[in-house]
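Single-structure report; data block below.
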There are 2 protein chains.
Amino acid sequence: MNGGQARPTIKTICAMTGLSTATVSKALRQSPEVRPETRAIVEEAARKVGYSTNLHGVQLRTGKTYQVAILMTTPTSDLVEWEGVEYAQLLSGISHAMEGTRYRVALYPVRDYDEAQDTVRRIIRNRLADGVIFSGTRPDDGRVRLLQEADFPFVTYGTTEAHAPHAFVDSDNDGIIRTAMRRLLDRGHRRIALINPGEHLSYGRTRLATYRDMLQSAGIEYDPALVAHGILTPSFGREQVMIMHALKDPPTAYVCANEASALGALSGFAACGLVHGRDAVINATDDLNVSAYFTPPLTTFYLPITRPAELLGRHILGAIDGVAPERLQTLLMPDLIERSDDRLRASAG
Amino acid sequence: MNGGQARPTIKTICAMTGLSTATVSKALRQSPEVRPETRAIVEEAARKVGYSTNLHGVQLRTGKTYQVAILMTTPTSDLVEWEGVEYAQLLSGISHAMEGTRYRVALYPVRDYDEAQDTVRRIIRNRLADGVIFSGTRPDDGRVRLLQEADFPFVTYGTTEAHAPHAFVDSDNDGIIRTAMRRLLDRGHRRIALINPGEHLSYGRTRLATYRDMLQSAGIEYDPALVAHGILTPSFGREQVMIMHALKDPPTAYVCANEASALGALSGFAACGLVHGRDAVINATDDLNVSAYFTPPLTTFYLPITRPAELLGRHILGAIDGVAPERLQTLLMPDLIERSDDRLRASAG
DNA sequence: ATTGGAAATATAAACGATTACATTTTGTCG
DNA sequence: CGACAAAATGTAATCGTTTATATTTCCAAT
């Protein structure tokens with residue numbers, strides 16, 4: 001009956017073995033209900049015809065999608081500018097974590113926070129995925145609320161202040177700023193600028209809070225003029241240096257929240273005639289180990305993005321499997337890589 | 001019967017309207033077979049219960065997957081180093097091009113060329129997607145062969161020398177090198193280095209061919225020592241500058257195939273004590289507009305990656321729709337952005 | 001040999017859509 | 001008004017799985 005051309009199905013194996021669909025199905029899924037000898041027969045037949053299960057059938061019957069949705073925040077059309085470059089590594093890390101499973105990564109591009117919420121709603125409503133991953137968390141995050149209400153598996157890259165615990169991965173921003181500030185303060189810096197992401201973002205909040213904390217401990221008054229919030233592109237870093245440099249009491253150190261803004265800050269140095277290490281210094285947080293190639297190389301907190309990425313992948317699989325959220329929370333402390341001393345040299349003129 | 005909780009299906013609408021599944025199905029798909037009045041009734045009912053079609057049902061019945069597979073070449077684990085950062089923008093561009101359709105982007109991470117071929121085979125065999133997109137093409141590309149044999153829709157980012165035409169998007173590498181070389185030759189450069197991708201890649205081949213062509217026209221002998229093939233990371237660019245600088249007749253210009261290697265080359269300049277514009281210059285090709293922020297800013301051929309990305313998305317939809325491959329081929333010429341003059345200044349010592 | 005019950009297998013009904021084919025309705029024309 | 005074709009709708013099978021339930025097989029204990 002079968003043309004031989006068509007893709008083999010469970011029925012093909014039934015015809016070959018004389019077994020019923022139920023038995024074959026169970027055998028293929030290693031159910032203990034089927035005798036080992038029978039399973040062997042089924043597996044042999046499956047191997048012979050090159051059977052592989054048709055996901056569509058499974059999906060329809062079980063309602064599972066075997067898709068993990070990743071919300072990918074993409075800048076409004078043309079303003080690309082090295083924004084979100086780390087996404088590439090993030091995506092590949094997550095995908096790698098799912099190798100050997102049936103799960104696939106499906107991309108959902110969103111332009112902003114509101115669109116992200118809509119997308120989350122759509123994913124929940126239409127069961128477009130079995131789990132969701134997203135970044136750019138806010139302390140009170142609407143997406144988290146939606147997903148928790150729907151009891152939908154998810155992992156965030158970034159923390160929130162949600163009442164109920166949820167799975168997340170993040171770098172230890174408190175630890176980063178604490179270490180960075182202590183180091184700079186030790187080296188005599190008193191005017192330290194913070195180049196931060198948008199104000200609503202959790203990690204910006206955390207960084208700012210710790211920054212203020214460290215200033216207070218050091219007995220230095222907080223100056224809002226030294227803190228910039230914005231989209232962390234090179235152009236933003238550059239602008240902020242140019243603005244802050246024009247202050248009557250300009251910063252001697254810049255702590256940048258990513259490598260893109262650090263690169264921009266360096267470009268701002270050049271534009272203002274500032275010399276790194278003489279007039280001021282820049283520290284960064286780097287996911288891509290790229291600040292090693294800046295001129296001059298910068299001191300950074302380096303966490304290869306593949307690490308959080310793989311964890312995101314593993315956590316979402318866990319969340320889908322019903323592992324308790326408390327057990328799927330990871331804070332990662334980047335390594336401090338001191339590429340420059342960051343003590344200001346005596347001005348040589 | 002229906003708890004009211006369950007997601008509405010076509011049957012829900014049948015119950016509401018008294019119509020049959022066939023009619024409702026056709027009405028929802030705007031079939032001309034159903035009377036406008038009937039369609040209105042169906043649409044009203046659908047709206048009322050918030051019906052949205054269950055893809056799994058469609059997929060099983062029609063065999064369509066509504067997935068576009070993107071092969072994402074990811075470096076071997078830890079060697080991340082800013083490799084493939086442009087993928088993020090590429091992915092978002094492609095995804096955006098599919099907004100408003102049923103199609104989703106699904107990611108298939110592959111470590112190398114062989115794994116990519118295996119993955120292509122799997123996608124074809126198991127009909128995991130309706131179309132495939134990949135980059136890093138070779139003149140004689142095994143993936144292209146597989147897909148053409150299977151008559152499977154695909155678009156490449158990069159050209160090949162396949163016998164039968166296929167859909168592709170690429171930047172005009174011949175045009176880029178032609179323009180870059182003419183400009184540098186006009187400015188008196190005679191020793192021009194080419195920082196190129198791996199030898200097997202099509203775009204590397206094209207660049208090299210045009211490079212040799214331009215040298216020959218200018219009556220300059222080709223020197224293999226001035227051409228480097230490798231993975232275009234910052235570290236590669238840096239190394240190559242350091243190696244070539246040590247030649248007895250070192251280059252006065254470096255033409256880098258991407259922004260990462262250009263950044264590395266600049267870093268190499270610093271390491272060797274070279275001053276850009278005095279001892280040598282660097283030109284780049286840039287997808288992310290990031291070379292504007294290098295110190296000094298570099299002259300580049302800039303093509304915002306969103307453009308090829310959107311085209312890739314549109315082309316794959318076309319290919320899936322059966323549009324002839326000849327009509328889905330696009331070469332894009334980047335804009336030359338002259339950020340530095342690139343004439344060597346008289347050495348000031 | 002019979003019985004009981006566990007273990008293994010089979011039957012058949014889903015899941016939600018599409019679609020060949022059958023049937024009914026509608027409208028036109030003699 | 002009746003006949004007929006075209007238009008609209010209905011019936012039922014199907015895609016490939018899983019799974020509740022039924023049936024058979026097997027084995028041990030009586």
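In what follows, every chain begins at residue 1, and chains take the letters A, B, ... in the order their sequences are listed.
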### Task
Taking only the side-chain nitrogens and oxygens of A:T9, find out if one of them lies under 4.0 Å from OP1 or OP2 of D:dG16.
no
#### Entry: Which nucleotide in C:dC15, C:dT18, D:dT18 has an atom nearest any side-chain atom of A:L60
C:dC15
### Task
Would you classify A:L19 as touching base, sugar-phosphate or nothing, given that sugar-phosphate means primed atoms plus P, OP1 and OP2, and contacts are heavy atoms under 4.0 Å?
sugar-phosphate
### Message
Quick check on DNA chain C: between B:L28 and B:E33, whose nearest nucleotide comes earlier from the 5' end?
### Response
B:L28
### Query
Atom CG of A:N54 and atom P of C:dC15: how far apart are they, to the nearest Å?
19 Å
### Query
Counting side-chain heavy atoms from C-beta on, which of D:dT17, C:dT9, D:dC15 comes nearest to A:V58?
D:dT17
### Message
With a 4.0 Å cutoff (strictly under), does any side-chain N or O of A:Y66 reach OP1 or OP2 of D:dT17?
### Response
no
### Query
Within 45° of the ring axis of B:Y113 and under 6.0 Å from its six-membered ring centre, is that where the NZ or CZ of B:R138 lies?
yes
### Query
Are any of B:T23's side-chain N or O atoms less than 4.0 Å away from OP1 or OP2 of D:dT9?
no
### Message
Within the 4.0 Å heavy-atom criterion, would you say A:K26 contacts the bases, only the backbone, or no part of the nucleic acid?
### Response
base
### Nucleotide D:dT19, atom P - distance to NZ of A:K64 in whole Å
12 Å
### Separation of atom CZ in A:R127 from atom C1' in C:dA17, rounded to whole Å
19 Å
#### Entry: Short side-chain N/O contact from A:R35 to OP1 or OP2 of C:dA7, under 4.0 Å
no
### Residue mapping more 5' on DNA chain D - nearest nucleotide basis, B:G18 or B:G57
B:G18
### Message
Output the rounded distance in Å from CG (A:N126) to P (C:dG16).
### Response
13 Å
### Message
Whole angstroms only, please: what is the CZ-P distance between A:R102 and D:dT17?
### Response
10 Å
### Message
It should be established whether A:R61 places a side-chain nitrogen or oxygen under 4.0 Å from OP1 or OP2 of nucleotide D:dG16.
### Response
no
## Note on the structure
Partner of B:T21 under side-chain contact (heavy atoms from CB on, under 4.5 Å), picked from B:I10, B:T9, B:I13, is B:I10
### Query
Should A:S25 be listed as having a side-chain N or O under 4.0 Å from OP1 or OP2 of D:dT18?
yes
### Query
How far apart are the C-alpha atoms of A:T53 and A:L28, what are their side-chain angles, what is the distance that settles it, and do they pass the side-chain contact (heavy atoms from CB on, under 4.5 Å) test?
CA-CA 9 Å; A:T53 110; A:L28 290 169; 5.8 Å; no
### Query
Of B:R29 and A:T38, whose closest DNA chain C nucleotide lies nearer the 5' terminus?
A:T38
### Task
Could you give me the CA-CA distance, side-chain angles and deciding distance for A:R121 and A:D118, then say whether salt bridge (charged side-chain N to carboxylate O under 4.0 Å, His left out) is met?
CA-CA 5 Å; A:R121 256 186 283 264; A:D118 290 345; 3.4 Å; yes
### Message
Looking only at side-chain N and O atoms, does B:R7 offer a donor or acceptor that is under 3.5 Å from a partner on B:S52?
### Response
yes
### Query
Looking at the side chain of A:I10, which of C:dA12, C:dT18, D:dT17 is the nearest nucleotide?
D:dT17
### Query
Starting at CZ of B:R7 and ending at P of C:dG16, how long is that distance when rounded to a whole Å?
8 Å
#### Entry: Separation of C:dT18 P from B:L55 CG (nearest whole Å)
10 Å
### Query
Quick one: A:H56 NE2 to C:dT18 C1', roughly how many Å, whole number?
14 Å
#### Entry: Minimum side-chain heavy-atom gap B:Y157-B:H315 below 4.5 Å
no
